Amino acid sequence: MTAKKVVASVFSGIARIYDKFLSLATFGGIHRWQKRLIELMEERESWLDVGTGTGEVLRKLNSSKLRIGIDLSYEMLKVAKEKCGGCYFLVADGEDIPFKDKSFDRISLSLVFRHLENQERFLKEAKRVLKKGGRVGLIDIRKFKGSGLLLLLMKTVLLPIGLLIFGRDKWEFFVHSIEKSFSLEEIEETFKREGFRKVASERTFLGLVLIFVAELD
């Protein structure tokens, strides 16, 4: 099974419990972080949410008229459509965005960037489909000195809970995704290489979570 099929399978299997788990795991913080991301990105008419999952970012938008979410998991998108009837969803890959050039003002990724197989390829696609002055914003786990402690907890204290809720294969996938996380400096450099300039970055949740926004030069 390819890496992308594994991602789709993992998230399809937890689609109905994902929102509840994420709220519990972040002590409700995910909702504050997504609202803050939207605030930093500054809403415009058209918004694409990559790896939209259950559509929470799109559901929180206020003024964007065109709200589209793409994801590899059809089961996640079924949940998203139930929650956001005015949004549009389709199964698609963020590294091969199925829209024409200069289609969107904003592109967001909530807990998705580290799951991408090729971050540079995604940014090239984002650059292609963004309008002039377009922005990309993300929320993600940040690699920092305390990351090792989180991994230790996931492999020990949190392991029984993770296995109970998700099963071993899916839990190990999440542990591995933490191991693949990026530092702020790595993210800044990657965006800069692909023609974006940083607009804002904030750390939250004891420094574990990063909110980052960049604009197309």
Side-chain angles (χ1 to χ4, degrees), residues 7 11 15 18-19 22-23 26 29-116 119-140 187 190-191 194-202 204 209-217:
V7 171
F11 284 100
Y18 183 72
D19 286 340
L22 196 55
S23 291
T26 64
I30 185 61
H31 302 293
R32 296 191 300 273
W33 307 336
Q34 289 173 340
K35 290 175 182 178
R36 181 57 177 159
L37 176 67
I38 292 168
E39 182 181 355
L40 292 171
M41 289 181 71
E42 300 178 352
E43 276 196 63
R44 293 294 185 272
E45 184 170 339
S46 53
W47 192 295
L48 174 67
D49 191 38
V50 172
T52 192
T54 63
E56 272 297 312
V57 170
L58 296 179
R59 198 171 69 88
K60 291 179 172 72
L61 297 174
N62 294 311
S63 59
S64 296
K65 295 179 181 178
L66 179 63
R67 294 174 287 168
I68 297 179
I70 63 174
D71 202 285
L72 294 172
S73 168
Y74 176 68
E75 294 301 318
M76 281 286 208
L77 295 181
K78 284 169 62 177
V79 177
K81 189 61 180 177
E82 292 169 8
K83 292 162 54 178
C84 191
C87 303
Y88 299 92
F89 299 100
L90 70 156
V91 176
D93 186 349
E95 296 169 43
D96 187 19
I97 299 174
F99 297 105
K100 64 182 181 180
D101 297 358
K102 297 178 173 55
S103 295
F104 297 98
D105 298 295
R106 300 289 186 263
I107 298 177
S108 58
L109 308 92
S110 179
L111 300 177
V112 171
F113 192 71
R114 73 187 186 281
H115 291 305
L116 296 171
Q119 284 74 23
E120 289 80 5
R121 187 178 301 161
F122 157 72
L123 287 172
K124 284 181 170 60
E125 279 290 271
K127 187 174 181 179
R128 179 182 65 80
V129 301
L130 278 172
K131 299 175 183 178
K132 184 178 180 180
R135 291 185 176 184
V136 175
L138 63 89
I139 301 168
D140 218 331
I187 290 175
T190 302
F191 272 79
E194 298 301 329
F196 292 84
R197 63 175 183 84
K198 184 177 80 169
V199 172
S201 65
E202 296 182 359
T204 186
V209 173
L210 173 69
I211 303 173
F212 178 86
V213 178
E215 186 169 288
L216 187 60
D217 273 343

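In what follows, every heavy atom counts, from backbone to side chain, and hydrogens, waters and symmetry copies are set aside. Predicted, not measured: the structure shown is a model, and the values here were computed from it.
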Item to check | Criterion side-chain contact (heavy atoms from CB on, under 4.5 Å) on S108 and M41, from CA distance to verdict | outcome: CA-CA 9 Å; S108 58; M41 289 181 71; 4.1 Å; yes
Checklist entry - After noting the C-alpha distance and the side-chain angles of E39 and K35, does the key distance pass the salt bridge (charged side-chain N to carboxylate O under 4.0 Å, His left out) rule? => result CA-CA 6 Å; E39 182 181 355; K35 290 175 182 178; over 6 Å; no
Item to check | F89 to G55 - nearest heavy-atom pair and separation | outcome: CE2-CA, 4.3 Å
Next on the checklist: I need the L109 CG to F122 CZ distance, nearest 0.5 Å.
Outcome noted: 4.0 Å
Next on the checklist: Would E56 and H31 count as a side-chain contact (heavy atoms from CB on, under 4.5 Å) here? Give the steps.
Outcome noted: CA-CA 8 Å; E56 272 297 312; H31 302 293; 3.8 Å; yes
Next on the checklist: I want to check something: taking the side chain as every heavy atom from C-beta on, are F113 and V136 in contact at a cut-off of under 4.5 Å?
Outcome noted: no
Item to check | CD on E95 to NZ on K124, rounded to 0.5 Å | outcome: 11.5 Å
Checklist entry - Do K132 and L216 come within less than 4.5 Å of each other through their side chains, counting heavy atoms only? => result no
Item to check | Distance (rounded to the nearest 0.5 Å) between Q34 CD and T26 OG1 | outcome: 8.5 Å
Checklist entry - How many angstroms lie between atom CD1 of I97 and atom CD1 of I107, to the nearest 0.5 angstrom? => result 5.0 Å
Item to check | Greater than 12 external heavy atoms within 6.0 Å of K65's NZ | outcome: no
Next on the checklist: Go through it in stages, so that I can follow the logic: the residues are E194 and K127, the test is salt bridge (charged side-chain N to carboxylate O under 4.0 Å, His left out), and I'd like the CA-CA distance, side-chain angles, deciding distance and then a yes or no.
Outcome noted: CA-CA 8 Å; E194 298 301 329; K127 187 174 181 179; over 6 Å; no
Next on the checklist: Would you say that V213 contacts L37 through its side chain, given a criterion of any heavy-atom pair below 4.5 Å between the two side chains?
Outcome noted: yes
Next on the checklist: Would R67 and R59 count as a side-chain contact (heavy atoms from CB on, under 4.5 Å) here? Give the steps.
Outcome noted: CA-CA 9 Å; R67 294 174 287 168; R59 198 171 69 88; 5.9 Å; no
Item to check | Aromatic ring proximity F212/F191, centre distance under 6.0 Å | outcome: yes
Item to check | Among L138, I30, D140, side chain to side chain contact (heavy atoms under 4.5 Å, CB included) partner for S110 | outcome: I30
Item to check | Between CH2 on residue W47 and CD1 on residue I38, distance to nearest 0.5 Å | outcome: 5.0 Å
Checklist entry - Got a donor-acceptor contact below 3.5 angstrom from the R135 side chain to the L40 backbone? => result yes
Checklist entry - What distance do R128 atom CZ and K102 atom NZ have between them, rounded to the nearest 0.5 Å? => result 10.0 Å
Checklist entry - Taking all atoms of both residues into account, what is the closest heavy-atom pair of A80 and G53, and its distance? => result CB-O, 3.6 Å
Checklist entry - Can you tell if the side chain of D71 reaches within under 4.5 Å of the side chain of D49, non-hydrogen atoms only? => result no
Item to check | Contact check, side chains of L72 and F11, non-hydrogen atoms, under 4.5 Å | outcome: no
Next on the checklist: With side-chain contact (heavy atoms from CB on, under 4.5 Å) as the criterion, how do L111 and I139 come out once you've worked through the C-alpha distance, each side chain's angles and the decisive distance to 0.1 Å?
Outcome noted: CA-CA 5 Å; L111 300 177; I139 301 168; 4.3 Å; yes
Next on the checklist: Counting C-beta onward and ignoring hydrogens, is there a side-chain heavy-atom pair between Y88 and L66 closer than 4.5 Å?
Outcome noted: yes
Checklist outcome for this item: Residues G51 and V112: closest non-hydrogen pair is O-CG2, 3.4 Å
Item to check | I68 side chain reached by F104 side chain, heavy atoms, under 4.5 Å | outcome: yes
Next on the checklist: Is any side-chain heavy atom of R32 closer than 4.5 Å to one of T204?
Outcome noted: no
Item to check | Atom of D105, atom of R44 and distance for their closest heavy-atom approach | outcome: CB-CB, 3.4 Å
Next on the checklist: For a quick check under 3.5 Å, do E43 and S63 share a side-chain donor-acceptor pair by atom type?
Outcome noted: yes
Checklist entry - What do you reckon, is NZ of K81 surrounded by more than 12 foreign heavy atoms closer than 6.0 Å? => result yes
Checklist entry - Do other residues, nucleotides or ligands put more than 12 heavy atoms under 6.0 Å from the NZ atom of K83? => result yes
